[in-house]
Amino acid sequence: MSFEKIAVLGLGKVGRLAATLLHEGGFEVIGVDAQLPLSDVPFKCRTGDISDPQVIGELLSNVEAVLSCLPYHLNIELARGAHLAGIHYFDLTEDVPTTNFIIELSKTARGLMAPQCGLAPGFVGIVGASLANGFDRCRSIRMRVGALPQHPTGLLGYAFNWSPEGVVNEYLNDCEVIEGGVRKLVSPMEWHETVYVGGVKLEAFTTSGGLGTMCDTMLGKIDNLDYKTMRYPGHMELMNFFFHELLMRDKRKLAGEILTNAKPPVEDDVVYVHVAAEGTENGGLRRKEFVRAYYPIEIAGARRTAIAWTTSASVVAVIEMVRDGLLPATGFLHQEHIPLEMFLKTPTGSLFKAGATTAPRVYSDAQKDAVAL
């Protein structure tokens, strides 16, 4: 079913940009947060306690879809409210228990339940499945993503441009993989490897949630499947020291506060994506890769960080496809079932073509006009 009215909950950088892209895409948007944005936005806004079920119920009764850009621990109640209201639900979560709860809700949903619509999980799974579909038989999919400062300082080489709560969750929760055809849980911040993107040396290690539902989809069809986070070399060892030797794993909220205080967000960031699949094609063994570096670009008259626009564009492209009848209108949406070419043809998904480069991009005024929506 086509729809126009959508609520966006959580108006941080990602939420504001997603709401702006939806507004420019023809949706009637209402943005909701505990505080109104300090800067002007082109869509309607209201304040509200988004942890209050009564507030959520009243809000969802007046829209046809909701996008959560909230911390993952608030998504279960919001998904429950969307299910009760019979509307579409979208979020960016990497939290596996939250997604499992939504899968159960989707069995009786009158709208579409679509969690994990961000960068990873989300876009990276769309890419991984697309590469795998090009083989007669795929034996492995390796997916790596890193959201990093362009100009790192200090031993950690990091800046918290993403939710510290989400990062801590990814670093400490067990990770799903398929290894040797067997579905397993492995520890986070292990399976260390070296990866190069455009000549930049990076390290990669296991983190939780990046595969989304791909283990369910690919079990029995593939021998090996895993997801890792990419960082500058040395990061993993220091984070293992911080969480395990200093026992900060037992104080997740405090850990996030310490790390954010030490490594606040930066404007000059970069998102690295490295996805590789191997398999047989026409009787021969082949390897296919999707390797990109995404930098800040100008969208809707403002410069947007790489992590903000890649995450926002991922979910908005999916919402556009659902609105246009290109994806199911009910049940549960697996990100890996979304065709990559269809995704890239959407007005917002096309940003992944315009914003991809292997070196920092400097835009002329004409180029800015071409990229901006």
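- Not counting sequence neighbours, Glu170 has no partner by the salt bridge (charged side-chain N to carboxylate O under 4.0 Å, His left out) test.
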Point to revise | Test side chain to side chain contact (heavy atoms under 4.5 Å, CB included) applied to Leu74 and Ser68, step by step | key: CA-CA 9 Å; Leu74 295 174; Ser68 174; over 6 Å; no

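- Taking the side chain as every heavy atom from C-beta outward, Phe242 and Ile258 approach each other to under 4.5 Å.
- Around CG of Leu254, the count of heavy atoms belonging to other residues, nucleotides or ligands within 6.0 Å exceeds 12.
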Check your understanding: Under the side chain to side chain contact (heavy atoms under 4.5 Å, CB included) criterion, do Val145 and Tyr227 qualify, and how do the steps go?
Key -> CA-CA 8 Å; Val145 175; Tyr227 171 84; 3.5 Å; yes

Point to revise | Worked verdict on Phe352 versus Trp309 for ring pair (Phe, Tyr, Trp, His ring centres under 6.0 Å) | key: CA-CA 9 Å; Phe352 282 90; Trp309 79 255; 5.4 Å; yes

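- With hydrogens and angles ignored, the 3.5 Å screen pairs a side-chain donor or acceptor of Arg249 with a backbone N or O of His244.
- In this structure, Lys263 contributes its side chain and Thr153 its backbone to a donor-acceptor pair below 3.5 Å.
- In this structure, Tyr171 is a member of the same hydrophobic cluster as Trp162, with clusters built from ILVMFWY side-chain heavy atoms closer than 4.5 Å.
- Interatomic distance, CG of Leu70 versus CD of Glu77, reported as 12.5 Å (0.5 Å rounding).
- A donor-acceptor pair is defined here as one N or O able to donate and one able to accept, closer than 3.5 Å; no such pair exists between the side chain of His23 and the backbone of Phe43.
- With values rounded to the nearest 0.5 angstrom, Leu219 atom CG is found 5.0 Å from Ile178 atom CD1.
- A continuous path of Ile, Leu, Val, Met, Phe, Trp and Tyr side chains, each step under 4.5 Å between heavy atoms, connects Leu155 with Phe243, placing both in one hydrophobic cluster.
- At distances below 3.5 Å, not a single donor-acceptor pair connects side-chain atoms of Asn261 with backbone N or O atoms of Glu257.
- For the atom pair CE of Met248 and NZ of Lys251, the computed distance is 6.5 Å after rounding to the nearest 0.5 Å.
- The backbone N or O of Pro149 sits less than 3.5 Å from a side-chain atom of Tyr232, completing a donor-acceptor pair.
- Listed here is the closest heavy atom pair of Ala317 and Thr348: N-CB, 4.2 Å.
- By the 4.0 Å N-to-carboxylate-O rule, Arg137 lies close enough to Asp223 to be salt-bridged with it.
- Between atom CG of residue Asn169 and atom CD of residue Glu165 there is a gap of 7.5 Å, rounded to the nearest 0.5 Å.
- Residues forming a salt bridge (charged side-chain N to carboxylate O under 4.0 Å, His left out) with Glu267 (at least two apart in sequence, or on another chain): Lys13.
- For the atom pair CG (Leu119) and OG1 (Thr310), the distance works out to 4.5 Å, reported to the nearest 0.5 Å.
- Under the salt bridge (charged side-chain N to carboxylate O under 4.0 Å, His left out) criterion, Glu4 pairs with no residue, sequence neighbours left out.
- Salt bridge Arg144/Asp226: present, at least one basic N to carboxylate O contact under 4.0 Å.
- The backbone N or O of Met189 lies less than 3.5 Å from a partner atom in the side chain of Thr206, making a donor-acceptor pair.
- Note: His334 and His337 have tilted aromatic rings, judged against thresholds of 30 and 60 degrees for the angle between ring planes.
- Closest approach of Val124 to Met143, counting heavy atoms only: O-SD, 3.3 Å.
- Here the straight-line distance linking atom CG of Leu11 with atom CG of Leu17 works out to 11.5 Å at 0.5 Å rounding.
- The aromatic rings of Phe290 and Phe123 sit perpendicular, their planes meeting at an angle over 60°, well past the 30° parallel limit.
- With contacts defined as side-chain heavy-atom distances shorter than 4.5 Å, the pair Phe3/Ile87 does not qualify.
- Taking each heavy atom of Pro347 and Ser350 in turn, the nearest pair found is O-OG, 2.7 Å.
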Point to revise | CA sep, side-chain torsions, deciding dist, call: Val14, Val315, side chain to side chain contact (heavy atoms under 4.5 Å, CB included) | key: CA-CA 10 Å; Val14 171; Val315 66; over 6 Å; no

**Study point:** Derivation of the side chain to side chain contact (heavy atoms under 4.5 Å, CB included) call for Asn240 and Phe205
**Key:** CA-CA 11 Å; Asn240 269 311; Phe205 49 87; over 6 Å; no

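- A salt bridge does not link Lys5 with Glu64: every distance from a Lys NZ or Arg NE/NH1/NH2 to an Asp or Glu carboxylate oxygen is 4.0 Å or more.
- Applying the side chain to side chain donor-acceptor pair (under 3.5 Å) test to His192 and every residue at least two apart in sequence or in another chain returns Glu203.
- Of the N and O atoms on the side chains of Gln335 and Thr213, not one donor lies less than 3.5 Å from an acceptor on the other residue.
- In terms of modelled atom types and a separation under 3.5 Å, the side chain of Asp52 and the main chain of Gln54 share a donor-acceptor contact.
- With sequence neighbours excluded, the residues forming a side chain to side chain donor-acceptor pair (under 3.5 Å) with Glu281 are Lys288, listed by chain and number.
- Side-chain contact check for Val63 versus Glu28: every heavy-atom pair is 4.5 Å or farther apart.
- Between the side chains of Asn75 and Thr98, no donor N or O sits under 3.5 Å from an acceptor N or O.
- Using a 4.5 Å heavy-atom cutoff, the side chains of Glu24 and Pro42 are not in contact.
- Under the 4.5 Å side-chain heavy-atom criterion for grouping Ile, Leu, Val, Met, Phe, Trp and Tyr, Met218 is not connected to Phe135 through any hydrophobic cluster.
- Taking 4.5 Å as the limit, some side-chain heavy atom of Asp95 sits within range of a side-chain heavy atom of Asn173.
- In this structure, Cys138 and Ala277 approach most closely via the heavy-atom pair SG-CB, 4.2 Å.
- Of the candidates Val266, Leu202, Thr229, Asp269, Leu202 is the only one forming a side chain to side chain contact (heavy atoms under 4.5 Å, CB included) with Leu148.
- By the salt bridge (charged side-chain N to carboxylate O under 4.0 Å, His left out) test, Glu104 is found to be paired with Lys107, residues two or more places apart in sequence or in another chain being considered.
- With Ser130 contributing its side chain and Ile126 its backbone, the two residues share no donor-acceptor pair below 3.5 Å.
- Ile141 has its side chain out of reach of Leu131: every pair of non-hydrogen atoms, C-beta onward, lies at least 4.5 Å apart.
- Closest non-hydrogen pair, Cys215 versus Arg183, comes out as CB-NE, 3.6 Å.
- Shown here for Ala79 and Met113, the closest heavy-atom pair between the two residues is O-CE, 3.8 Å.
- Between Lys184 and Asp174, none of the side-chain N atoms (NZ, or NE/NH1/NH2) sits under 4.0 Å from a carboxylate O, so this pair counts as no salt bridge.
- Within the 4.5 Å cutoff, no side-chain heavy atoms of Thr207 are placed close to those of Pro188.
- Arg46 places no side-chain N or O within donor-acceptor distance of the main-chain N or O of Asp33, the cut-off being under 3.5 Å.
- A donor-acceptor pair under 3.5 Å is formed between the side chain of Lys228 and the backbone N or O of Trp191.
- Residues Leu59 and Asn62 form no side-chain contact, since every pair of their non-hydrogen atoms from C-beta on lies 4.5 Å or further apart.
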